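Please read the structure below before turning to the comments.
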4 protein chains.
Amino acid sequence: MLDSAGQPDVGAGKRGRPRSEQSHAAVLRATSELLHEVGLRSMTTEEIAARSGVSKATIYKWWPNKYAVAVEAFLSEMMAESHDPHTGSAATDLRIVLRGLVNFYTESNGRVFAELIGEAQFDPAVRTELHKHLMISHRDLVKTVWARGVATGQFRADIDPDDAIDVLIGPLLYRRLLGQPHLDGTAADTLVDVTMRGLSVRL
Amino acid sequence: MLDSAGQPDVGAGKRGRPRSEQSHAAVLRATSELLHEVGLRSMTTEEIAARSGVSKATIYKWWPNKYAVAVEAFLSEMMAESHDPHTGSAATDLRIVLRGLVNFYTESNGRVFAELIGEAQFDPAVRTELHKHLMISHRDLVKTVWARGVATGQFRADIDPDDAIDVLIGPLLYRRLLGQPHLDGTAADTLVDVTMRGLSVRL
Amino acid sequence: MLDSAGQPDVGAGKRGRPRSEQSHAAVLRATSELLHEVGLRSMTTEEIAARSGVSKATIYKWWPNKYAVAVEAFLSEMMAESHDPHTGSAATDLRIVLRGLVNFYTESNGRVFAELIGEAQFDPAVRTELHKHLMISHRDLVKTVWARGVATGQFRADIDPDDAIDVLIGPLLYRRLLGQPHLDGTAADTLVDVTMRGLSVRL
Amino acid sequence: MLDSAGQPDVGAGKRGRPRSEQSHAAVLRATSELLHEVGLRSMTTEEIAARSGVSKATIYKWWPNKYAVAVEAFLSEMMAESHDPHTGSAATDLRIVLRGLVNFYTESNGRVFAELIGEAQFDPAVRTELHKHLMISHRDLVKTVWARGVATGQFRADIDPDDAIDVLIGPLLYRRLLGQPHLDGTAADTLVDVTMRGLSVRL
DNA sequence: CAATAATCGAGACGGTACGTCTTGTCTTGGC
DNA sequence: GCCAAGACAAGACGTACCGTCTCGATTATTG
């Protein structure tokens, strides 16, 4: 018989009670709320359990600690990605895309994001996950626009795209994480502009 | 932090037993060791007390928590600052100075530094102290060289020096805190070079 | 015994798959082993399930908790009962029978037995089961011999047999459960002897 | 005024904050209450902490687990001991003293006592403590009366006092721990009477 | 030199989160 | 319908660290 759900899988039956997707989702939702309400550090596993109605044991069964839960919760909440604007001018596209990133860093999400980066300095797993699932998608977006600019001759072709991205995103993140003058849209535009033009006097 | 230079024998002296400079120093020394051995997070106040021979109560009398101790210990240990090289070429100077920063970020100190930045995402006091005593001195060094380059016509005069510094330091720190391809001297040189020349094709 | 391992195709009786006698036996066997290896308290339901290959759900379907399983496992293992010796002298018979009990209390089984009595102080069901299936058979054995001694005029006829048994068994069990000088065969003989003769000086 | 320096103390000064007798007492009091309200097994360390206002950490600092606390709480509450009645007749004294024990086993305390004995079957420390502090004082009381009876010629001189005590107390405790017909004063009197007279027919 | 005051080392304490463990129930799919 | 596998809720366990709080012992200034 066929399963109406049309599972494309191997069908080699999994035995035992399947993992409750409901619990899984409830944990992520509760964690997301707590991340915004009290922050990464003050959020406790106990509270996640209480609010989600999922037992602590179950949480620890699927995640090694609250930081892993936080990363997954944060990422799963961010499926609304900014997309490539395609205005015709690669420079304009770049500015729009980077503005999008700045918004992301700055919003309510931004605090959580900063805290996760903070935690990543202590926990390699957080660092890896964050990089793999978040930074890479951010970078890929910039990379696409960058490639277009190179193709149209607007951006320099002799630069490693990864380096280009580092010099574009780096200053923005630096301001976000350590800057005393806080990051906003205008500041971001200025920084991007400076980076595009370069610091040296043109010969 | 208070100005501790004016400590002894000022006329209207304080009554009671004076603060033990010996204890103060012992705490900082022990903290420094622990920072390198086990890291900021795993280091406990209790262990600082045990190792320094100073009681916990005394530590809490002079610092609000272990992070404050860590910041002071870290800063007090870093008196060996890189200085302005003055080679004649501002571009070369800049490269040398930034290499010095990268070394700092990368060394044994670098891990502690990264952890402190991580902690700063949760604790505003750490952020403030770090900025005030560390970032500013780093930035000032770059700023001096930058000003010289502007004066000699090598660097653009129409850029806010703070912005210039952000775009120079930002990518380096970004690589250090989040980069999967780790930061080293060569990578730093490349990034600085890209930043100096700019991303746009010059007309 | 019936061959219950045979195919369940008899048709008569209940619908559905019948209870697996094999599982039943496996649970008791595994429990018995665990009782001796780790003791009543440290033995877990999970471990019984794992070792017997019977699922926890099945165990809980047939027994209310691990203590009930333990009682049944313990009792089912003890079919090798001491029997009435019938030497001719009731006094000798009594001594032999009580020695048998002491051996039982003292052997490897003895620890499990003591733990079950311990558990009985918390769980009335354990107490009841233990009493019904174990203590009564022990007492019955003594009672038979006692009756013979009364009939032959060796033992006092004016004593309630149950009281007689209490004063005979009580001291032995007391030593087993709480005595610092541990119970052994010689000690048992002495206690029985004292009880038989009485504590008062004979008039 | 007294010279504070002239303390006639033990000298070896205790350093640090002294143990809080108040906390100690509060823990024992709360534990006592809980023992009577919910029993040994259902009582939790957490609840002791909550009710006494003493933190769990402090409890675990001074006792290895809740059973140790329970033993101490139980014992400390029982300083009101039954005393030697000294009526003139050793037999009467014995009966009174044993009645006292039976009352103890039977009262509200009795359930806790039985549970502690139950627990002692699993935990050697409980067994030792119970024996050392409770059983011995019980036995000593009986032993005193016994010695008097021997001296006055009422009780047999050729019996080891410890054996005598075992055969007197054993049956009572046996009834308490396992007897289906529960222990009461009359039953106790009967058992003692039987033990005193002995089971054998006197020649 | 005595009184006053603030400091110090030691370590007990309340609070709170941690991550683990066990119990007994529930949910799959296979037989 | 029975069962093995195994996920799940509930909640106690004992540990760890934090920051506060006694103690009694020092060590200065001040009268």
Side-chain angles (χ1 to χ4, degrees), chain A residues 13-20 22-24 42-47 49-50 52-66, chain B residues 9 12-20 22-23 41-47 49-50 52-66, chain C residues 8 14-20 22-23 41-47 49-50 52-66, chain D residues 4 7 13-20 22-24 41-47 49-50 52-62 64-66:
Chain A
K14 326 186 160 187
R15 306 224 288 179
R17 180 175 175 175
R19 176 173 185 181
S20 160
Q22 198 176 324
S23 291
H24 185 204
S42 303
M43 172 186 79
T44 71
T45 317
E46 211 115 6
E47 180 64 16
S52 64
V54 170
S55 77
K56 258 200 320 175
T58 299
I59 295 175
Y60 278 109
K61 167 148 209 177
W62 298 108
W63 293 275
N65 52 48
K66 71 173 179 178
Chain B
D9 83 331
K14 309 165 180 182
R15 293 168 42 110
R17 181 173 175 173
R19 175 175 186 180
S20 159
Q22 198 175 326
S23 292
R41 218 51 162 292
S42 304
M43 172 186 78
T44 70
T45 317
E46 206 110 14
E47 180 65 16
S52 65
V54 170
S55 76
K56 266 205 308 178
T58 301
I59 295 175
Y60 277 108
K61 166 143 212 183
W62 300 108
W63 294 275
N65 53 46
K66 72 172 177 178
Chain C
K14 310 164 182 185
R15 294 168 34 113
R17 183 170 170 177
R19 174 175 185 179
S20 160
Q22 200 176 324
S23 292
R41 218 49 162 292
S42 304
M43 172 186 78
T44 69
T45 317
E46 205 110 12
E47 180 64 16
S52 65
V54 171
S55 77
K56 268 203 307 178
T58 302
I59 295 175
Y60 278 109
K61 166 146 209 180
W62 299 109
W63 292 275
N65 52 47
K66 74 171 179 181
Chain D
S4 60
Q7 292 294 342
K14 331 187 157 188
R15 304 223 286 180
R17 181 173 174 175
R19 175 174 185 179
S20 160
Q22 198 175 327
S23 291
H24 185 205
R41 221 50 163 293
S42 303
M43 172 186 79
T44 70
T45 316
E46 212 116 4
E47 179 64 18
S52 65
V54 171
S55 78
K56 259 202 316 176
T58 299
I59 295 176
Y60 278 110
K61 166 147 209 178
W62 298 108
N65 51 49
K66 71 173 178 179

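Keep in mind that what you see is a predicted model, and the values were worked out from it rather than measured. Protein chains get the first letters and strands the later ones, always in sequence-line order, with residue 1 at the start of each.
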Quiz item: Is the backbone N or O of B:Ala50 less than 3.5 Å from a side-chain atom of B:Lys56, with the two atoms forming a donor-acceptor pair by type?
Solution: no
Practice problem: Would you mind telling me which residue lines up with the more 5' stretch of DNA chain E, A:Glu47 or B:Ser52, judged by nearest nucleotide? | Solution: B:Ser52
Self-check item: Candidates E:dG14, F:dA4, E:dG9 - which lies nearest the side chain of C:Ser23
Solution: F:dA4
Quiz item: Do the side-chain N or O atoms of D:Trp62 get closer than 4.0 angstrom to the phosphate oxygens (OP1, OP2) of E:dC13?
Solution: yes
Quiz prompt | Heavy-atom pair of closest approach, residues B:Ser23 and B:Ser20 | solution = N-OG, 3.0 Å
Quiz item: How close or far is atom C1' of E:dG14 from atom CZ of D:Arg19, stated in whole angstroms?
Solution: 15 Å
Exercise. Identify, between A:Ile59 and C:Gly53, the residue whose nearest nucleotide on DNA chain F lies closer to the 5' end.
Key: C:Gly53
Exercise. Take the protein atom CD of D:Gln22 and the nucleotide atom C1' of E:dG14, then report the distance between them rounded to whole Å.
Key: 13 Å
Self-check item: Rounded distance (nearest 0.5 Å) linking atom CD of A:Glu47 with atom OG of A:Ser42
Solution: 11.5 Å
Quiz item: When rounded to the nearest 0.5 angstrom, what distance separates CZ in A:Arg19 from NE2 in A:His24?
Solution: 4.5 Å
Quiz item: According to a strict under-4.0 Å criterion, is B:Ser20 in side-chain N/O contact with OP1 or OP2 of E:dT7?
Solution: no
Quiz item: For A:Ala49 and A:Ser55, which heavy atoms make the closest approach, and how far apart are they?
Solution: CB-C, 4.2 Å
Exercise. Could you please name the option among F:dC8, E:dT7, F:dC2 that lies closest to any side-chain atom of C:Lys61?
Key: F:dC2
Quiz item: What closest approach, in Å, do D:Tyr60 and D:Thr45 show between heavy atoms, and which atom pair accounts for it?
Solution: OH-OG1, 3.3 Å
Exercise. Could you run through nucleotides 16-23 of chain F and give me one letter per nucleotide, 5' to 3': B if any protein heavy atom sits under 4.0 Å from the base, S if only the sugar-phosphate is that close, - if neither?
Key: BSSBBBBS
